Asks: 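Below are the structure tokens for one structure; questions will follow.
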Amino acid sequence: MVQLTRREMIDRIAAAAMAVSAMGRSADGWSQAADAASQEDRRLLAVPDFADFRSFVRISAALTGIDATQLAPDSRVDATGSPNGADPSQAVKQAYFNLARIDLSAYDSLKREFDQNLGAGTGQSGQQLSAAATLLLKSGTPGVADLTRSIIMAWYFGVWYEWTFDTSGESDPSLKPRFTIVSAEAYTEGWIWRIAQSHAPGYSNLRFGHWAFPPGAGLELGVFELK
Amino acid sequence: MPIGRIGIRADGPSMLARVAWVLVTAVYLTPAIVANAQQLSTASRHALACKKYPANTFLSDSTVTDQLSGKRLPNTELLALPCSEEVSGAEVVGKPNSSAAEGSLNSLFSRLRTPLERFQNGFDVYSWLTFVALNLPADSTSELGAPEAPTVWETNFYPLDEVMHATEDGANVNLKNLPESCNVARQKASGPEPTMFVKVDEVAFNQPFKTGPLVDQQGQYSLNTIFMNSAMQTFIQSKNHPLDTFHGQQAFKGIIEFPPGDDDAGILGAMMIKASWRVLGKTDDPNEFHTVRAYRYFAQARPSSCDIQTLGLVGFHVVHKTKNRHQWIWTTFEHVRNVPSESEVRSGQFSQPAYFFYDGSARAANATPPQPWDPLHPPAIKSQIVRAQDIGTDTQAVNAAAHSFLTRRSSKPTFWSHYELISTQWPADFSCASELGGLKTDQQADPNCSPAPTFLPNSTLETYVQHDIGTNGGVPQATSSCIACHNNAVAYQDIQFDDGKVAGKDNPCLSKSPTQACSPASDFTFILEQVCAPMIDPHTGALDTKICMRDH
């Protein structure tokens with residue numbers, strides 16, 4: 001195992017980001033960035049300096065409507081262990097985190113605007129968080145609205161979309177969003193499948209005969225509750 | 001194909017040979033040998049005791065060492081198995097009366113680890129505790145590591161072929177009911193009585209998903225054996241709902257749920273073992289292995305043949321169902337000399353001077369051997385296997401501490417130090433795994449409850465399904481995952497209800513009959529598929545009870 005300091009790791013991510021920029025953000029470039037985050041540096045990323053990551057998970061919970069403890073159980077603030085177990089898909093989620101930070105300027109703007117939308121000290125109810133997140137999709141700051149969409153899509157589908165896509169571009173193929181599947185594990189971990197109580201095409205954990213059982217009604221999903 | 005079936009099915013000697021064998025037996029086979037074999041094979045098996053251990057208990061903790069230094073009572077083991085895992089993801093500062101507080105293990109539970117890593121390390125120390133408790137000699141007068149001393153599990157667990165009925169209408173051949181050719185082999189052989197019987201069939205030599213045999217550098221197939229504890233055997237051979245035959249499984253309407261281990265109730269619960277072995281040759285040093293003397297029975301030979309070999313343990317799965325881990329806990333060990341890791345091969349820096357399943361050449365690694373796969377005529381090509389993913393650094397630290405403990409405890413070097421934990425897979429979503437809230441496994445959005453690590457192969461038992469795990473993190477549903485694969489295990493249950501309706505939307509089984517099965521899921525074990533399920537004759541459409549689906 002290659003041992004890296006946190007500083008070296010950050011440098012590597014930065015280098016990966018620069019490489020992606022130099023490649024014009026090709027799909028391969030994104031894929032390489034995801035690989036750098038999810039494989040070689042996986043061990044170091046697990047070091048429990050979670051402050052930045054927790055912030056990302058908090059915004060993600062507001063954007064997706066899924067509780068932060070469900071999105072990333074290991075990002076709990078107490079981090080002292082929980083009877084609800086741990087998170088073996090942590091590397092996937094940290095890959096999303098690292099992808100979101102490739103353009104640090106846009107990411108910092110997103111964080112700042114989220115806090116501004118929320119309003120300092122005015123409460124953190126589900127409804128307020130959701131409203132603050134929704135406003136991000138209408139942000140006029142370059143990159144913020146697209147980054148917001150990409151973060152939502154990543155959690156739900158395990159797919160990272162490039163930031164400059166136009167969802168109305170059906171008639172012009174050149175305007176269709178370019179995307180990359182973050183990893184094989186991310187593909188199966190998309191929240192859309194759990195919420196629909198279904199599975200990603202070509203992959204299923206569900207047992208033979210599962211169709212004979214009444215669905216679990218989503219009760220165990222811990223879906224973000226609006227207060 | 002019918003011809004193939006006939007070829008596989010005709011596994012006994014001809015009638016003429018049977019008559020000849022009866023005569024030979026009557027004249028030559030001494031009653032003493034028969035009695036001896038029966039005595040060994042029917043040695044009293046008993047349910048193993050277990051106890052509740054403090055969280056993250058390691059071998060060197062006083063709760064373990066006190067037992068090991070104590071005097072054993074009759075019919076009890078020197079070291080009790082853990083009834084259940086007691087693991088914690090909480091940060092540990094120090095543990096009183098524990099070497100973990102003084103040594104390197106303490107760091108494995110420190111704040112420098114995530115909860116996931118601390119839990120993983122807790123499961124790994126549980127695995128070593130279980131491994132040593134199972135592999136202590138059953139004979140109280142023998143030390144840990146005494147050569148050829150039958151272990152606790154070999155003595156008290158039930159081999160697959162003594163539980164599942166391989167045929168509907170006849171008794172299995174096994175250690176209790178030796179085939180004729182093995183009696184002959186025993187008569188000719190010198191040395192101790194064999195204590196294991198291996199029928200060299202698909203289960204014994206073919207890797208999962210029929211990916212082929214593992215061939216060592218001496219050209220011998222590795223052999224796999226499956227055992228279960230009395231909790232599993234009792235459940236399967238229940239008088240009320242026998243699951244050891246095809247028809248018994250068809251008639252069973254309940255949900256197949258093996259009993260779980262429970263600390264509070266002091267119950268061990270269901271436990272199964274799959275072990276892989278090498279046939280030791282003249283160039284092998286038996287002091288490097290845990291060994292057994294075993295019959296190797298080739299049922300498909302014409303006539304069937306049998307020999308007696310010394311087998312060396314090279315791989316060891318232990319699987320334990322517990323109250324809070326309904327997906328079971330999957331522990332896997334290997335001999336350190338099995339294979340190098342891919343990173344060792346890449347760097348050219350090897351931790352061992354030689355390997356059993358790797359020859360140092362530049363041949364492509366982890367390729368399935370060419371057909372035909374005939375254990376009687378192993379191919380000239382030897383396996384070239386590497387471990388696709390390194391053993392985790394924390395697991396390596398646990399291994400080092402365990403080896404140090406074993407070395408300190410023994411008066412001489414013990415071969416158990418040649419075995420290392422690869423990892424332990426466990427369901428990481430605890431509320432899901434304990435089925436809290438009344439949701440059964442079949443209702444969970446993910447019945448596997450988030451296995452950690454996501455993938456886990458043993459290089460001798462999942463040799464050819466290590467896909468991409470070292471380079472790309474593994475491929476879902478392709479790279480070996482104990483829980484995800486065994487989640488697909490089923491029995492031959494007829495899941496239609498008594499009222500004739502098929503379970504489904506109009507007949508919601510949980511609301512009407514909470515104990516009735518709506519799917520034939522067999523609780524994460526493929527053992528139940530080892531009954532002889534009849535094939536459908538392609539010409540007549542009728543069930544042919546003489547041909548087993550298992551053999552195809």
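A, B, ... follow the sequence lines: proteins, then strands. Residue 1 opens every chain. Note that the coordinates shown come from a computational prediction; the quantities given were computed from them, not determined experimentally.
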Asks: Any donor and acceptor pair, going by atom type alone, linking the side chain of B:Asn448 with main-chain N or O of A:Asn205 inside 3.5 Å?
Replies: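 Flag not set: sc B:Asn448 to bb A:Asn205 has no pair under 3.5 Å.
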
Asks: Ignoring hydrogens and angles, state whether a donor on the side chain of B:Asn487 or A:Arg207 is under 3.5 Å from an acceptor on the partner side chain.
Replies: yes

Asks: The criterion is salt bridge (Lys or Arg N to Asp or Glu O under 4.0 Å); which residues satisfy it with A:Lys93, sequence neighbours excluded?
Replies: A:Asp87

Asks: Does atom CZ (B:Phe209) have a neighbourhood of more than 12 heavy atoms from anything else shown, all under 6.0 Å?
Replies: no

Asks: Is any side-chain heavy atom of A:Glu185 less than 4.5 Å from a side-chain heavy atom of B:Thr454?
Replies: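 Yes; the side chains approach each other to less than 4.5 Å.
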
Asks: Side chain, backbone, both or neither: which part of B:Pro427 has a heavy atom under 4.5 Å from chain A?
Replies: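 The answer is neither part of B:Pro427.
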
Asks: Quick check on the interface: out of B:Pro476, B:Ser343, B:Ala452, who has the most heavy-atom pairs with chain A under 4.5 Å?
Replies: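 Max contact count across the listed options: B:Pro476.
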
Asks: What's the shortest heavy-atom distance between B:Gly474 and A:Ala184, and which atoms?
Replies: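 Smallest interatomic distance, heavy atoms only, reads O-CB, 4.0 Å.
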
